[in-house]
Peer 1: 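Provided herewith is a single structure, encoded as structure tokens, for subsequent inquiry.
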Protein chains: 2
Amino acid sequence: MSVNHDCRNELKEASLKATPARLAILKLLESTEKPVDVKAVRSFIRKNNSKTDPATIFRILNSFTKRGLARQIYLNESKARYERANKIEHHHLICQSCGQVQDILDCTIFDLEKDILKKKGFLVKTHSMEFFGLCLRCQH
Amino acid sequence: MSVNHDCRNELKEASLKATPARLAILKLLESTEKPVDVKAVRSFIRKNNSKTDPATIFRILNSFTKRGLARQIYLNESKARYERANKIEHHHLICQSCGQVQDILDCTIFDLEKDILKKKGFLVKTHSMEFFGLCLRCQH
DNA sequence: TATTAAATGCAAGTCTATTGCATTTAGAAT
DNA sequence: ATTCTAAATGCAATAGACTTGCATTTAATA
């Protein structure tokens with residue numbers, strides 16, 4: 001079954017029509033390793049010889065986020081980034097020198113969340129945790 | 001020694017002139033429990049019968065951040081918030097219902113940072129970790 | 001193929017943040 | 001106290017991120 005077909009199914013399940021713009025953005029989110037901002041989406045779409053209005057891109061990314069196809073994340077900057085939501089829960093290592101983003105999969109803070117509930121009575125629904133520093137190459 | 005005097009000293013140490021706007025903002029950061037955004041700073045200043053240009057507020061907050069008087073933080077939204085930097089390292093519990101922000105002081109993720117260096121070779125300089133959920137009162 | 005709710009394009013507008021430049025001011029030097 | 005000057009501010013213009021209303025187009029169903 002083709003990737004394209006999978007995407008169509010996924011959109012259908014989310015009650016979203018399979019429009020060219022949505023398929024393209026889904027494909028981008030699928031193929032990229034670094035969470036993308038709207039600017040990156042725009043230039044990707046332009047490269048593929050199609051033109052989609054920025055407002056539409058925002059609307060698509062919002063609907064993806066709402067329907068669980070994408071996750072909206074903030075890497076300590078004044079704009080949102082997006083990544084596919086079909087990846088396992090993870091966090092990011094953001095290199096302050098080259099901007100590269102790696103994922104870390106092993107999240108050990110669930111114990112911490114239980115602890116917070118016990119000590120503070122605060123019920124954690126979700127968390128954000130990002131690490132900023134230098135990747136291996138940029139340390140030299 | 002008055003708080004005002006302390007603030008003047010601190011500004012002096014940071015090679016920043018003790019202007020009315022700076023003293024006011026420093027006082028606000030000192031007195032508030034929740035990290036403030038620029039809007040909150042503006043309305044605070046207006047309440048105190050003075051008027052400072054938004055551009056100046058941005059410049060002040062940026063200089064405070066650069067000189068270590070304030071910390072810039074992002075609570076998963078498209079704008080910066082600021083808090084005094086003389087508090088101990090801590091993280092936040094943000095209630096998704098009432099918006100209240102609590103601090104958690106015991107940060108147990110330094111071990112995790114060492115682990116990241118060992119496993120990934122990524123040298124962590126700083127991190128962000130925020131928890132979103134429901135505070136005690138909003139759970140009922 | 002026709003129908004229609006959903007999606008898009010366009011334009012206008014909001015909010016956050018930045019920058020250049022003329023004017024003002026804090027703080028030091030006199 | 002007064003003068004001086006670099007630093008700070010106000011103002012206006014601008015950029016970038018994001019939203020919204022409305023007319024038009026289109027995907028998916030009958």
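Every chain is numbered from 1, with letters handed out A, B, ... down the list of sequences. Basis for what follows: all heavy atoms, side chains included, without hydrogens, waters or symmetry-related copies.
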Peer 1: Is there a donor-acceptor pair closer than 3.5 Å between any side-chain N or O of B/Arg81 and the backbone N or O of B/Gln72?
Peer 2: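 Flag not set: sc B/Arg81 to bb B/Gln72 has no pair under 3.5 Å.
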Peer 1: Any salt bridge linking B/Lys79 with A/Glu77? Criterion: basic side-chain nitrogen under 4.0 Å from a carboxylate oxygen.
Peer 2: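 Between A/Glu77 and B/Lys79 there is no salt bridge, as every charged N stays at least 4.0 Å from the carboxylate O atoms.
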Peer 1: Nearest nucleotide by nearest heavy atom, which residue falls closer to the 5' end of DNA chain C, B/Pro20 or B/Asp53?
Peer 2: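 Here B/Asp53 is the residue nearer the 5' end.
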Peer 1: Given 3.5 Å as the limit, does a donor-acceptor pair link the side chain of A/Thr56 with the main chain of A/Thr52, or not?
Peer 2: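 Side chain of A/Thr56 to backbone of A/Thr52: no pair is present.
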Peer 1: Between the protein and nucleotides 5-7 of chain D, which nitrogen or oxygen pairs come in under 3.5 angstrom?
Peer 2:
unit_1, atom_1, unit_2, atom_2, d
D/dA7, O4', B/Lys17, NZ, 3.3

Peer 1: From CG of A/Leu11 over to P of D/dA27, roughly how many Å is that when rounded to an integer?
Peer 2: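 Result: 13 Å.
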Peer 1: Test of understanding: clusters of I, L, V, M, F, W, Y form through side-chain heavy atoms closer than 4.5 Å, transitively. Do A/Ile109 and B/Ile104 belong to the same one?
Peer 2: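 Looking at the clustering, B/Ile104 is in the same group as A/Ile109.
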Peer 1: Would you say the side-chain atoms of B/Arg71 pair up with the backbone N or O of B/Tyr82, donor to acceptor, closer than 3.5 Å?
Peer 2: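 No, the answer is negative, given that no donor and acceptor are paired below the 3.5 Å cut-off.
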Peer 1: Under 4.0 Å, heavy atom to any atom of DNA chain C: which of residues 38-52 of chain A qualify?
Peer 2: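 The answer is A/Lys51, A/Thr52.
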Peer 1: Taking side chain to side chain donor-acceptor pair (under 3.5 Å) as the test, write out the residues that go with B/Gln100, two or more places apart.
Peer 2: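 Scan of B/Gln100 (side chain to side chain donor-acceptor pair (under 3.5 Å), adjacent residues dropped) gives B/Gln102.
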Peer 1: Under the salt bridge (charged side-chain N to carboxylate O under 4.0 Å, His left out) criterion, do B/Lys87 and B/Glu30 qualify, and how do the steps go?
Peer 2: CA-CA 10 Å; B/Lys87 304 168 91 176; B/Glu30 204 68 58; over 6 Å; no
Peer 1: Is a donor on one side and an acceptor on the other found under 3.5 Å between the side chain of A/His90 and the backbone of A/Ile88?
Peer 2: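 Yes, the answer is positive, given that a donor and an acceptor are paired below the 3.5 Å cut-off.
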Peer 1: Determine the contact category for A/Ala18: base if any of its heavy atoms lies under 4.0 Å from a base atom, sugar-phosphate if only primed atoms, P, OP1 or OP2 are that close, otherwise nothing.
Peer 2: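 Sugar-phosphate, no base atom in range.
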Peer 1: Quick one: how far along DNA chain C does chain A reach, first to last nucleotide 5' to 3', anything under 4.0 Å to a heavy atom?
Peer 2: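 Contacts span C/dA5 to C/dA17, reading 5' to 3'.
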Peer 1: Short of 4.0 Å, heavy atom to strand atom, which residues of residues 61-80 of chain A count as contacting DNA chain C?
Peer 2: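 By residue number: A/Ser78.
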Peer 1: Measure CZ/A/Phe58 against C1'/D/dG21 and give the value in whole Å, please.
Peer 2: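 After rounding, the reported distance stands at 17 Å.
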Peer 1: Hydrophobic clusters here meaning ILVMFWY residues chained together by side-chain heavy-atom distances under 4.5 Å, can you tell me if A/Leu75 and A/Val38 are in one?
Peer 2: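 No; tracing contacts between hydrophobic side chains, which count when under 4.5 Å, never links both residues.
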Peer 1: If we fit an axis to the first five pairs and another to the last five of the helix from C/dT1-D/dA30 to C/dT30-D/dA1, what angle do they make, to the nearest 10°?
Peer 2: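 Axis-to-axis angle, ends of the helix: 30°.
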Peer 1: Donor-acceptor pair, distance only, cut-off 3.5 Å: does the side chain of A/Thr32 make one with the backbone of A/Leu28?
Peer 2: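 Checked: no pair found.
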Peer 1: More than 12 foreign heavy atoms under 6.0 Å from NZ of A/Lys12: is that the case here?
Peer 2: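 No, not enclosed.
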Peer 1: For the backbone of A/Ser50 and the side chain of A/Asn48, can you confirm whether one donor and one acceptor N or O come within less than 3.5 Å of each other?
Peer 2: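 No: the side chain of A/Asn48 does not pair with the backbone of A/Ser50.
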Peer 1: I'd like to know if the side chain of A/Lys125 reaches the main chain of B/Cys95, judged simply by a donor and an acceptor atom lying under 3.5 Å from each other, with no hydrogens or angles considered.
Peer 2: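 Side chain of A/Lys125 to backbone of B/Cys95: no pair is present.
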Peer 1: Can B/Leu69 be reached from B/Ile57 by stepping across I, L, V, M, F, W or Y side chains whose heavy atoms are under 4.5 Å apart?
Peer 2: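 Yes, same cluster.
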Peer 1: Quick one: do A/His127 and A/Glu113 satisfy side chain to side chain donor-acceptor pair (under 3.5 Å)? Show the steps, please.
Peer 2: CA-CA 9 Å; A/His127 62 253; A/Glu113 293 185 1; 2.4 Å; yes
